[in-house]
Peer 1: 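The structure's right below; bear with me while I get my questions together.
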Amino acid sequence: MDHQQKTDLTTNDQPKEIGTPLNSDRRKFLNSAALVGLAGVTLSAGLASCKKSDSGASGSAGSEDHYGKYEVAPGKLDDYYMFSSGGHSGDVRIYGLPSGRTLKQIPVFNTECMIGWGITNESKAIIGTKADGHVKYNTGDTHHVHGTYTDGTYDSKYLFVNDKIHGRIARLRMDTMECDKITELPNIQGFHGIFPDKRDPVDAKINHTTRVFCGSEFHIPQPNDGRDMHDPKKYGALFTCVDAETMAVKWQCKVDGNMDLVATSYDGKLACSNQYNVENGAHYEDMMSSERDACVFFNVARIEAAIKAGKSFTIGDSKVPVVDGRVSANKDPKTSLTCYVPVPKNPHGVNISPDGKYYACSGKLSPTATLIEHALVLKWFDGELKDPRDTVVAEPEIGLGPLHTGFDGRGNAYTTLFLDSQIVKWNLDAAIKSFKGDKDAKVVIDRIDVHYQPGHGFTSMGETKEADGKFFISDNKFSKDRLLPVGPLHPEVAQLIDITGEKMKMAGEHTTWPEPHDAIIVRRDRVKTRQIYNLDDFPLAVKDPKQCRVERKGGNKVTVYLTSQAPTIGLREFTVKRGDEVTIILTNLDKVEDLTHGFAIPKYNINFVVNPQETKSVTFKADKPGVYWCYCTHFCHALHLEMRSRMLVEK
Ligand code: RUQ
Ligand code: CUA
Ligand code: CA
């Protein structure tokens with residue numbers, strides 16, 4: 001089966017193809033193709049020097065016998081939620097695991113016409129509007145989703161997600177799984193990594209998330225108002241701290257280099273970010289010119305003390321206090337706000353182990369992972385270590401193109417290898433021993449092929465102290481010939497790997513709409529949702545069908561109060577005048593779980609849903625006279641089709 005045949009229609013019609021393992025030639029093709037791509041950017045010699053034979057483990061591809069073991073029978077519930085970013089779709093998705101069932105798509109930075117996100121007044125107010133009432137942005141690029149913590153594990157309160165395009169952070173309430181706040185970060189571009197803190201660095205009583213840290217990849221003029229455009233040396237990058245409750249920006253810290261992914265310590269003291277551009281370069285050859293980049297650590301308590309002491313400045317119109325975290329301003333470790341730990345050039349993801357001891361920084365262009373010990377970074381900040389590099393306790397060669405690492409809570413790490421199209425399992429203690437010179441330490445335990453080119457990978461509960469070592473998900477960047485062809489744009493593939501044993505086993509696979517980045521896998525008992533809203537949570541609620549009416553508030557401003565109660569809309573018809581600015585307020589009075597109603601107005605571009613006991617509103621100009629049947633779009637009742645009302649727009 002070569003891949004040319006796969007595009008042949010007859011091949012698609014052969015059911016015996018189902019489950020056929022991919023031959024290794026196919027993988028080699030992908031591997032070398034990806035390498036050719038990188039060779040064009042003067043790859044470091046380190047890449048070629050990585051020998052897979054050093055693992056002593058053979059690839060464990062082809063464990064198809066494991067497929068089906070984790071099938072979830074009809075009507076049975078999954079054990080885990082997976083909250084995943086949607087990438088440049090701008091949304092967040094919820095999947096059930098191990099089944100891979102899609103449970104929900106939550107619009108965040110995008111516009112979505114089923115829910116009415118970007119259409120209703122309430123959602124527009126969250127997204128932000130321009131003077132003309134249109135949403136400020138209707139594009140977004142979500143990468144990283146992380147939940148709030150209490151005592152080192154998820155507390156089911158909020159999820160946070162970034163928008164890389166416009167530099168915004170959004171919060172989702174976990175009880176309703178909807179976005180409730182969006183904040184735009186000042187003076188940054190390329191907001192990528194995001195991570196909530198896990199406890200307060202100073203106040204021991206605060207053992208839950210109160211801050212969210214945001215990295216920024218791109219350097220821009222400070223402020224970015226047309227100055228310094230042709231002088232990249234004057235560009236800067238800021239690390240941002242946002243208040244988890246108010247969603248206001250608390251402070252920013254100027255750094256040398258840039259920031260990619262973000263991790264936070266379990267003791268609340270440090271946040272860190274891998275840096276692939278310590279060169280502060282504006283072109284990629286500049287960004288790759290240094291042999292070493294860094295993982296920068298932020299001393300949260302010191303930064304906040306410096307701000308309290310007035311050692312901050314502001315940039316442009318922003319009122320946010322900024323501190324200087326650059327090396328030149330932080331010569332003495334004992335007072336330094338930041339610590340730059342050198343790592344091999346152009347690293348990617350950084351993840352902390354569930355015991356809180358180590359940060360694993362993946363090599364990307366280097367075939368290594370760098371293990372940095374948390375306690376040693378604190379020692380450096382205390383002035384007890386000379387060289388930031390002395391915080392590195394291991395740097396094993398693990399394979400080509402390492403990107404992201406998950407942990408099983410049993411001392412093993414699982415890293416995605418983009419170029420090798422593999423997941424590698426390696427042992428932290430063995431890596432540390434090997435780094436100290438122990439030649440017998442067996443660092444790499446196993447490898448498994450994935451299809452193809454994994455980006456993110458993460459383990460069940462792996463970003464909490466409750467890491468349970470059951471599953472690893474590989475979010476693959478290319479699906480190639482893996483699925484029925486659907487045209488040039490391919491879906492992506494997520495693969496479920498059983499990590500309970502010594503060897504990893506491929507246990508399942510599901511498609512995802514482009515393009516998931518990071519995700520978290522949360523045990524289902526850690527998630528508490530509500531099925532019905534509280535009527536009183538909505539100041540505009542129309543609490544009784546008898547309150548349905550049309551109200552003219554002087555001039556041409558008209559408000560229409562409506563209720564939905566299967567199978568009727570509170571008014572059979574309502575009349576407005578051409579030229580009116582009409583606001584429709586709609587409350588779903590049904591109290592029955594799963595009884596959602598929709599509301600669409602033909603030719604007026606209005607469509608949204610109201611869930612049980614929820615109220616939403618829309619505002620539009622009645623600029624077209626005539627009869628418009630407002631109808632329920634969401635199947636709710638045997639008389640769903642009859643559930644409508646007439647909007648009469650008089651000339
Ligand atoms: S970063 S591969 Cu956000 Cu890896 Cu996506
Ligand atoms: Cu109400 Cu369909
Ligand atoms: Ca670099």
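First listed ligand is number 1; within each ligand, the first listed atom is number 1.
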Peer 1: Rounded to the nearest 0.5 Å, what's the gap from CG on D197 to OG1 on T264? Could you check?
Peer 2: 6.5 Å
Peer 1: So K164 and H144, do their side chains get closer than 4.5 Å, heavy atoms only?
Peer 2: no
Peer 1: What are the two closest heavy atoms between E492 and P516, and how far apart are they?
Peer 2: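 The answer is CG-CD, 3.8 Å.
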Peer 1: Less than 4.0 Å between a side-chain N and a carboxylate O, is that true for E593 and R530?
Peer 2: no
Peer 1: For atom 1 (Cu) of ligand 2, check which protein N, O or S atoms are under 2.8 Å away and list them.
Peer 2: H597 ND1, C632 SG, C636 SG, M643 SD
Peer 1: So, for F620 and Y604, is the gap between ring centers shorter than 6.0 Å?
Peer 2: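 For F620 and Y604, the ring centres are under 6.0 Å apart.
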Peer 1: Think K603 forms a cation-pi with Y628, using NZ or CZ under 6.0 Å from the six-ring centre and within 45 degrees of its axis?
Peer 2: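 No - K603 does not lie over the ring of Y628 by the 6.0 Å and 45° rule.
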Peer 1: Tell me the closest heavy-atom pair linking T563 and P545, and the distance in Å.
Peer 2: OG1-CA, 3.7 Å
Peer 1: Relative to each other, are the rings of Y149 and Y154 parallel, tilted or perpendicular (30° and 60° limits)?
Peer 2: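 Aromatic pair Y149/Y154 classed tilted.
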Peer 1: So, does K477 sit close enough to ligand 1 that a heavy atom of it is under 4.0 Å from the ligand?
Peer 2: yes
Peer 1: Using only atom types and a distance under 3.5 Å, with no angle test, would you say the side chain of N277 pairs donor to acceptor with the backbone of G257?
Peer 2: no
Peer 1: Quick one: do K345 and E291 make a salt bridge, cutoff under 4.0 Å?
Peer 2: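 Salt bridge present between K345 and E291.
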Peer 1: Enumerate the protein N/O/S atoms at a distance below 2.8 Å from atom 5 (Cu) of ligand 1, ignoring waters.
Peer 2: H456 NE2, H517 ND1
